[in-house]
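To keep things clear, I will list the structure first and then write my remarks on it.
Owing to the predicted nature of the structure, the values given are computational and were not obtained by experimental measurement.
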Amino acid sequence: MTRKNKLAVLIMILIGAGIFIYEARDLNGAQLIHELLTLDLKWLLVAFLLMFGSWIIETFVVQIFVRSEADDLDFKTALRVPLVEQLFNAITPMASGGQPAQLFALMQSGVEAGRASSVLLMKFVVYQFMVLINFVLTLFIGFDQVSKHFGALALFIVFGFVIHVVVIVGLLMVMYYYKFTKKLVNLVMIPIGWFVKPEKKLAMQSNLDHKIDTFYAESLHLKREKKRVVKACLLTLVQLLLYYAVPYFVLLSLGVSHVSIVEVIVLHVMIVMIVSLFPIPGGAGGAEYSFKTLFATYVASPSKLILGMLLWRFLTYYLGMICGIIAMAFPPKSKRT
């Protein structure tokens, strides 16, 4: 890790600590400690296992896409990829560092750069599709409840949904309407040229053309690898469900048992969608606020709510950061297996 990355980790830990201290400022310290000491650890262990399970399943997805006559990754080496991704998703705005970090991890493992880019593209497309499918399902199940009680957050949720749909539509257009998409981008660049210098517009258009060309070339692998894509889709669906179920078992560990797992999954999907809109690394602040707002109706005790928020945030954010740091400390042997 570079000094800049270490500094980013430190800053995010300090921000997280600051948020928790601020949220707990009016709580009874003795009551908070009592809640902590009376946690039902077996349910907390289940929550831990769900997080690790989601990373293990993502590891299988990496292995599925890497596997070929020339390349194959053993489980230990492949596991390093999602863990490194967790770290750099956590410390970069809009999780922008996750993809380059995975590319670096695959190349360290001996996978050729072009092949690694192709693997990550297929993984990214599959993940985006499965996130969208999960979100659409939860909209049908629980959006009425969220919009009725939390109008302001509902607007963020709709906005997040629109962004995901635009991303998926854009990917599909490049894959199946390549020439039309290129022409459309050129048309969009015309009004942009009214507000920027000609050389900047040319650089932007050249960059977009390069990305579209690269994505189209790599998308051909998706069309040829249908069986792998289907397997990866099913595994990614399970991966997401495990992740979305984490707060349910956090609530059980706090003694909150009057809520259904389906309701919690719906709310967690909404939270993840809201957090994805915040440009701050990890959606710091927005994540905590969303959790408090959406789960306040289920957790009557303020100390339990804040403790639940802390445990959930640790499991879904800081745990991945810690595991990613450990993974970075043990680089793999640059050798195909």
Side-chain angles (χ1 to χ4, degrees), residues 6-55 83 86-87 89-91 149-150 153 242-272 274-275 278 280-326:
K6 291 176 182 177
L7 180 61
V9 170
L10 177 61
I11 290 171
M12 295 316 300
I13 291 173
L14 291 175
I15 289 174
I19 290 171
F20 176 70
I21 291 169
Y22 177 79
E23 294 291 352
R25 68 192 184 282
D26 296 325
L27 297 181
N28 183 310
Q31 180 64 28
L32 191 62
I33 293 172
H34 172 74
E35 298 291 358
L36 182 63
L37 294 176
T38 55
L39 285 172
D40 192 333
L41 296 181
K42 70 174 181 293
W43 294 123
L44 201 56
L45 176 62
V46 173
F48 268 94
L49 292 176
L50 288 178
M51 278 308 305
F52 282 111
S54 71
W55 297 331
L83 295 182
Q86 291 296 313
L87 170 61
N89 277 348
I91 63 175
H149 298 288
F150 314 107
L153 286 181
L242 292 180
Y243 172 72
Y244 291 142
V246 167
Y248 175 71
F249 293 97
V250 169
L251 293 178
L252 288 183
S253 74
L254 292 165
V256 180
S257 57
H258 58 275
V259 60
S260 77
I261 190 169
V262 174
E263 289 178 333
V264 173
I265 287 175
V266 167
L267 293 178
H268 198 196
V269 171
M270 302 297 180
I271 290 172
V272 172
I274 293 169
V275 170
F278 285 80
I280 302 172
E288 291 83 357
Y289 173 76
S290 301
F291 184 92
K292 273 187 62 183
T293 303
L294 294 178
F295 284 101
T297 54
Y298 300 101
V299 186
S301 167
S303 56
K304 278 189 178 183
L305 182 61
I306 298 303
L307 183 57
M309 180 193 76
L310 176 65
L311 292 171
W312 164 76
R313 193 63 168 150
F314 175 78
L315 287 167
T316 60
Y317 180 69
Y318 293 102
L319 182 61
M321 191 186 292
I322 292 167
C323 291
I325 291 171
I326 295 171

Does the side chain of [Y] come within less than 4.5 Å of [X]'s, by heavy atoms?
X    : Y    : result
F295 : I271 : yes
Y298 : L267 : yes
V299 : L254 : no

Check [X] against [Y] and note the closest heavy-atom contact, atom names and distance.
X    : Y    : value
A90  : M321 : CB-CE, 3.8 Å
V264 : P247 : CG1-CG, 3.7 Å
V250 : A47  : CG2-CB, 4.3 Å
A287 : G282 : CB-O, 4.3 Å

Run the side-chain donor-acceptor check on residues 7-28: report pairs under 3.5 Å with partners two or more places apart or on a different chain.
unit_1 : atom_1 : unit_2 : atom_2 : d
E23    : OE1    : K292   : NZ     : 2.7
R25    : NH1    : Y22    : O      : 2.6
N28    : OD1    : A30    : N      : 2.9
N28    : OD1    : Q31    : N      : 3.1

Residues 306-320 vs side chain to side chain donor-acceptor pair (under 3.5 Å), sequence neighbours excluded, gives H268-W312, E288-R313
Side chain to side chain contact (heavy atoms under 4.5 Å, CB included) partners of [X], counting only residues at least two apart:
X    : answer
I280 : A284
S257 : L252
L41  : L39, L44

I322 vs F314, side-chain contact (heavy atoms from CB on, under 4.5 Å): CA-CA, chis, key distance, verdict
CA-CA 10 Å; I322 292 167; F314 175 78; 3.9 Å; yes
Parallel, tilted or perpendicular, as decided by the 30° and 60° cut-offs, for the rings of F52 and W55: perpendicular
Approximate separation, where rounding is to 0.5 Å, of [X] [atom1] and [Y] [atom2]:
X    : Y    : atom1 : atom2 : answer
M51  : L319 : CE    : CG    : 6.5 Å
Y244 : M270 : OH    : CE    : 10.5 Å
W43  : L251 : CH2   : CG    : 12.5 Å
S303 : I33  : OG    : CD1   : 11.0 Å
F249 : F48  : CZ    : CZ    : 14.5 Å

N/O donor-acceptor pair under 3.5 Å between T293 side chain and S290 backbone | no
Apply side-chain contact (heavy atoms from CB on, under 4.5 Å) to the pair I326 and L83, showing each step before the final yes or no.
CA-CA 9 Å; I326 295 171; L83 295 182; over 6 Å; no
Where at least one partner belongs to [range], residue pairs that pass salt bridge (charged side-chain N to carboxylate O under 4.0 Å, His left out), sequence neighbours excluded:
range            : result
residues 35-46   : D40-K42
residues 7-21    : none
residues 315-325 : none

Taken in chain and number order and not counting sequence neighbours, the residues that satisfy side chain to side chain donor-acceptor pair (under 3.5 Å) with S253 are none
Working for side-chain contact (heavy atoms from CB on, under 4.5 Å), residues L310 and I306: CA-CA 6 Å; L310 176 65; I306 298 303; 5.7 Å; no
